[in-house]
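Only a predicted model underlies this, so the values are computations on that prediction, with no experimental measurement involved.
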Amino acid sequence: MHLSRYFLPILKETPKEAEIVSHRLMLRAGMIRQETAGIYAWLPMGLRVLRKIEQIVREEQNRAGAQELLMPTVQPADLWRESGRYDAYGKEMLRITDRHEREMLFGPTNEEMVTDIFRASVKSYRDLPLNLYHIQWKFRDEVRPRFGVMRGREFLMKDAYSFDLDKESARHAYNRMFVAYLRTFARMGLKAIPMRADTGPIGGDMSHEFIILASTGESEVFCDKAILDLPIPGEDTDFTADLSPVITDWTTPYAATDEMHDAAAFEAVPEAERMSARGIEVGHIFYFGTKYSEPMNAKVTGPDGAEVPVHMGSYGVGVSRLLGAIIEAHHDDDGIVWPASVAPFHVGIINLKPGDAATDAACADLDAQLTKAGLDVLVDDVDSRAGAKFATMDLIGLPYQLIVGPRGLKDGVVEVKARASGERATLSPQEAVNRLIGELSS
RNA sequence: CGGGGUAUAGCGCAGCCUGGUAGCGCAUCUGCUUUGGGAGCAGAGGGUCGCAGGUUCAAAUCCUGCUGCCCCGACCA
């Protein structure tokens, strides 16, 4: 991709509405544009990152045995009357009336709908366990949207729903999602800490929020530092096996949000190991038993011939929110510092002198080689000054910059700069290509 | 939903108090110079001054109402 033809409306000045750093940087880097309060258009650069995050979430859901479907954004009110939530949900739900005066709504979540899909087709315990998920836009009419995409009204969420015969098998479904989440967030360069969350009327120990630490986080969190160093389950994890030892490892060290904080238990953690910080919730997993299956009559016949309501859980990831969360965790004074796994492009080639035949040719060759190796490349071929190019490239935060100018080429070298460390290496073009492919291919 | 701000060019702002027909910086366009960390000079284009009423010879400016957006709090992936 050539920057001269790419729609990337960079802002030099910070729009005044942006308070927190991720919001500022997303606007300045031309990733999003606010259309109205809490509702954003995703510009090409922002969309690229959104898609990469989505894909990681998808891969890990699939790996854990969940199956993707896609449910609509607009739902009929009647479905929500079955669970009683049409009245209970309140003003956060965007209600719509169609031309036939039928009551509709823009979905804030999909428990009712997925339960409807399930009950229409699944009648036997033999078809369990089942986990269905989708990645779809949601709308919650927040009283006060803020922090850019971190708390928008329209947002992209992955929500999975598990169906099991009883509570014990539901626990296995829960554990699979727990492990999938550990892997998902780690792949995005985030340290997500599972914290026990309020289970409401259901009770029990099966609800966790996944929190990443960031100074601009919305809630205060307390944890034992030991949890930060726990190993992330590998790609080879067998999701059909008993995962409870992993869950035990991850739920033993103290970790709680302020709502669930137990000061006495926290005091028991050695002082040097105690940490209190601010956090952003990026995922939430929840077992809710028969809360929907019972009123909505989603039953299966068990091995004993008796009909029982299925035990369900739901598992959310705030996909669009993750962009903000990742930037909060990965930025510096000059701009964004994308982890390679979610970066909009892997490499930015800076052509210091567009129009110079040798420089243009070198850039084209480097672009071709890197692209052929499967990397996403953005070539800055804009006729502007070096300083402006460096500033732009630092702002958009691509993991590596490949700096190509006539001065270096005369000596047969180009420069590779790692965005995160600022480290620069002067190499031959071929060495540079090899180095980048080595660092970035996965 | 309570409290507080704010609305003037794509972005950031001044002008409003004391009414006289709109300005600055950045960005954009043209030309020349410049060229390894957000260049300089010269010129140009771009505005229903949030909307609707009212006062006045005259309203961005004064008055009334409405709306959008932002911030603080209560609530959420």
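Not a single donor-acceptor pair, N or O on each side, falls under 3.5 Å between the base of B:rC75 and the side chain of A:R140. The base of B:rG38 sits with one of its N or O atoms less than 3.5 Å from a complementary donor or acceptor on the side chain of A:R28. Between the side chain of A:T392 and the base of B:rG38 there is at least one donor-acceptor pair of N/O atoms closer than 3.5 Å.
Within the 4.0 angstrom heavy-atom criterion, only backbone atoms of the sugar-phosphate kind lie near A:E19; the bases stay farther away. Residue contacts for A:E17: at a heavy-atom cut-off of 4.0 Å it reaches the sugar-phosphate backbone alone, with no base atom in range. Using a 4.0 Å heavy-atom distance criterion, A:G152 is classed as a base contact. Nucleic acid contact for A:E13: base, since at least one base atom lies under 4.0 Å from a heavy atom of the residue. Base contact: A:I403 has a heavy atom under 4.0 Å from a base atom. Nucleic acid contact for A:L11: none, since no nucleic acid atom lies under 4.0 Å from a heavy atom of the residue. At the heavy-atom level, A:Q34 lies under 4.0 Å from the strands shown only through sugar-phosphate atoms. Among the protein residues, A:D394 comes within range of the nucleic acid bases, having at least one heavy atom under 4.0 Å from a base atom.
Of the residues A:K91, A:R153, A:R95, the one that meets the salt bridge (Lys or Arg N to Asp or Glu O under 4.0 Å) test with A:D141 is A:R153. Test A:D381, A:D394, A:D380 against A:K389 for salt bridge (Lys or Arg N to Asp or Glu O under 4.0 Å) and you get one pass: A:D380.
For B:rA77, the base is stacked against the aromatic ring of A:F155, per a cut-off of 5.5 Å between centres and 30° between planes.
Between the CG atom of A:L27 and the P atom of B:rG10 there is a distance of 17 Å, rounded to whole Å.
Within a 6.0 Å sphere centred on CZ of A:R435, other residues, nucleotides and ligands contribute 12 heavy atoms or fewer.
For B:rA27, the OP1/OP2 oxygens have a side-chain nitrogen or oxygen of A:K12 closer than 4.0 Å. The shortest distance between the side-chain N/O atoms of A:R385 and the OP1/OP2 oxygens of B:rA39 is below 4.0 Å. OP1 or OP2 of B:rG73 has at least one side-chain nitrogen or oxygen of A:R146 nearer than 4.0 Å. The shortest distance between the side-chain N/O atoms of A:R144 and the OP1/OP2 oxygens of B:rC72 is below 4.0 Å. Using a 4.0 Å cut-off, some side-chain N or O of A:K91 falls inside it from OP1 or OP2 of B:rC1.
Relative to the six-membered ring of A:F239, A:R176 misses at least one condition, a distance below 6.0 Å or an angle of at most 45° to the axis.
Every residue meeting the ring pair (Phe, Tyr, Trp, His ring centres under 6.0 Å) condition with A:W80, not counting sequence neighbours, appears here in chain and number order: A:Y89.
Listed nucleotides B:rC76, B:rG68, B:rG12 differ in distance to A:R321; the shortest reach to its side chain belongs to B:rC76.
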